[in-house]
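Predicted model, so just to flag it, every value in this text is computed and none were measured. Order of the sequence lines fixes the chain letters, A, B, ..., with proteins taken first and strands second; residue numbering starts at 1 for each chain.
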Protein chains: 2
Amino acid sequence: MRLRGGARARTTLSDVARKAGVSPITVSRALREPHKVSDKLRETILGVVDEIGYVPNFAARALASRHSGIIAVLGPVLGSPGFSPVASGIEDRFQAGELRTQFANIGLDASEEARQLNLFVAQNPAGIIMESVAEFPVNRPLIDEIDCPVVQMMDTSLEPLDMGIGVCHRSAAKLAVRHLLSKGYSKIALLGGNKDIRSRRRFEGYREALSDAGLYQPGYVFDTEGRNSVADGHSLMRCINSRYPEIDAVFCHDDELALGALFAASQLGLRVPEDLGICGYNGLHFSGVDDPPLTSVSLPLYEIGFKAAEMLMAALASGERKEGAVELEVALVEGASTRR
Amino acid sequence: MRLRGGARARTTLSDVARKAGVSPITVSRALREPHKVSDKLRETILGVVDEIGYVPNFAARALASRHSGIIAVLGPVLGSPGFSPVASGIEDRFQAGELRTQFANIGLDASEEARQLNLFVAQNPAGIIMESVAEFPVNRPLIDEIDCPVVQMMDTSLEPLDMGIGVCHRSAAKLAVRHLLSKGYSKIALLGGNKDIRSRRRFEGYREALSDAGLYQPGYVFDTEGRNSVADGHSLMRCINSRYPEIDAVFCHDDELALGALFAASQLGLRVPEDLGICGYNGLHFSGVDDPPLTSVSLPLYEIGFKAAEMLMAALASGERKEGAVELEVALVEGASTRR
DNA sequence: GTGAAAGCGCTAACAT
DNA sequence: ATGTTAGCGCTTTCAC
């Protein structure tokens, strides 16, 4: 397989230098550190760059400078609605800087996490922001070896690797369940899986809150199979209703599951919130599609992304791998799906 | 800002070579073209690689070999449900190869398309797969300059750049509208924007089909504002109902808009399909959340992605930039939202 | 403020 | 099947 392109040689820094009558390094400076070059020269150089359409070669740049300018962002479900605000936060913070972000999906598998980490290490990333899926710090040694700052996102319950920012999923889940209890619901199901560490923390919070009230029922925990959360919530809710008609509230692992549950309830003739209380997780907005509007645990998703980026930049600026985890607050936003 | 990592020097190919008692190029071959190295040597070398934890430096590799091994995938809304099967098709085809795919969002803006193309050119991609958003081939000169094969996805109505694969959105839209007409609907609205070239093709198909029947009404075309299609469909449908209660069917730009319209209809007390026919676009599955199940124009999304990747690999194997567009079939999948 | 020299880590091309 | 040589295009370091 011929992976190279055509015969046409790309223009290089030297081409620009020759045409501008300066040395290559001056062109390099004009492009990366304009203030270090005299106004006159800079103007000439940038003119030539434009004229001959010079595009820098990132591989050469990365090789010579020992950094690629890439910030690697690793997460389990980058395409999910819940991740989207996080990504926006990250991109907004890096906006207009010299760093480029690159996203990679690691699914729910610690070994894929390791594989992707290795792929990025090969690229000398400037930094890594990750939402780890490993329950146990199996990839800890790998991360320790990495020559760049690492920010661990989303979950503060993990043993921190370098820097961390997130929420406590366990207490967030407790908050949700206690809210349901305070509204008079008592047979409360959990919808959605034991899939990764954050899910398990939510499960723990759910179990603790119910155990405290003497109402925990292992049979009321329902795992999802697929990834299309709305449809999952829908089918799961139907299944719950047929097998455990006594259940009077559901706490869902994410808002899409909750939305699916809401649709199913409506089709089953269950009144929400009278017959069934529904509480979601993440605090997404469905602009009226959810009728009644869903109660949800609102996470500062955008802020997590933004601050993760900020911590990374601070570490890069100082040149140190700092330690320290930041925990942000969550809030229960009461809609109409739990009011009674 | 110190972008470099810590002081620890990364192990290099030469380190491996020294330890294994061979020359660097032999290590390089053992890693990339194992069959060219004797079994014995290969075993020794891979042992050393494992032992000292050698990770190749992609920048050096890219610089020396003049290709980065990256396949750039550019599209307007990579996170959308409609794009997801396309991405799977692409990734499945490249699975286990030496090429890595890298995705980038270009939004709905031809200038962002140009910017991203330039960013990738700087990385010497092995190939590019793109879903262009430019109505006019403004980026054509840029693409002509690119030293690698380019596959244009989704829309066969564009002047082909190198290779193309997709469907004819105009006739697909016609198919949908004719279906609605055949079911006895006559006041048919169009939901969803004039945002990119594919949207406009659908609009053209819609207009043609209705004009042929003498039923085209410019006022029945409704543009969306936002990106959250379900919510958009929902609010737009409510607005349509209040302003044009006579409308008896809607053809939606995508299935999520259609889903939103379906929810709104149900809340408005409109019976689907009796009072209102709804037809979507893309052929996604909502597993029972859509009740009644939506009629939709089904596109071979996965196949488009898979074949785009295939065309690219064929071009790489032959070393030529081939020309030629492939048009795939679409099908109208009748649900219960247009049956009457 | 500008330049010369050296080399980042790897692979292509050409030996042997 | 393995090695030698040269160089990819840029940035670092140090000199002026």
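By the side-chain hydrogen bond (donor to acceptor under 3.5 Å, both in side chains) test, A:S111 is found to be paired with A:D109, residues two or more places apart in sequence or in another chain being considered. Remark: B:S84 engages no residue in a side-chain hydrogen bond (donor to acceptor under 3.5 Å, both in side chains) (not counting sequence neighbours). For the side-chain hydrogen bond (donor to acceptor under 3.5 Å, both in side chains) test, no residue two or more places apart in sequence or in another chain qualifies with B:T101. Annotation: salt bridge (charged side-chain N to carboxylate O under 4.0 Å, His left out) contacts of B:R18 (sequence neighbours excluded): B:D15. Every side-chain hydrogen bond (donor to acceptor under 3.5 Å, both in side chains) that A:R42 has, sequence neighbours left out, goes to A:D39.
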Contact state string [nucleotides 1-10 of chain C, B base, S sugar-phosphate only, - no protein heavy atom under 4.0 Å]: SBB---BBBB

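Here salt bridge (Lys or Arg N to Asp or Glu O under 4.0 Å) pairs that include residues 301-316 of chain B, with residues two or more places apart or in two chains, are B:R93-B:E310, B:E303-B:K307. Pairs engaging residues 121-131 of chain A under the side-chain hydrogen bond (donor to acceptor under 3.5 Å, both in side chains) rule: A:N124-B:R10, A:E131-A:R198 [sequence neighbours left out].
Axis angle between the ends of the helix from C:dG1-D:dC16 to C:dT16-D:dA1, five pairs each and rounded to 10 degrees, works out to 20°.
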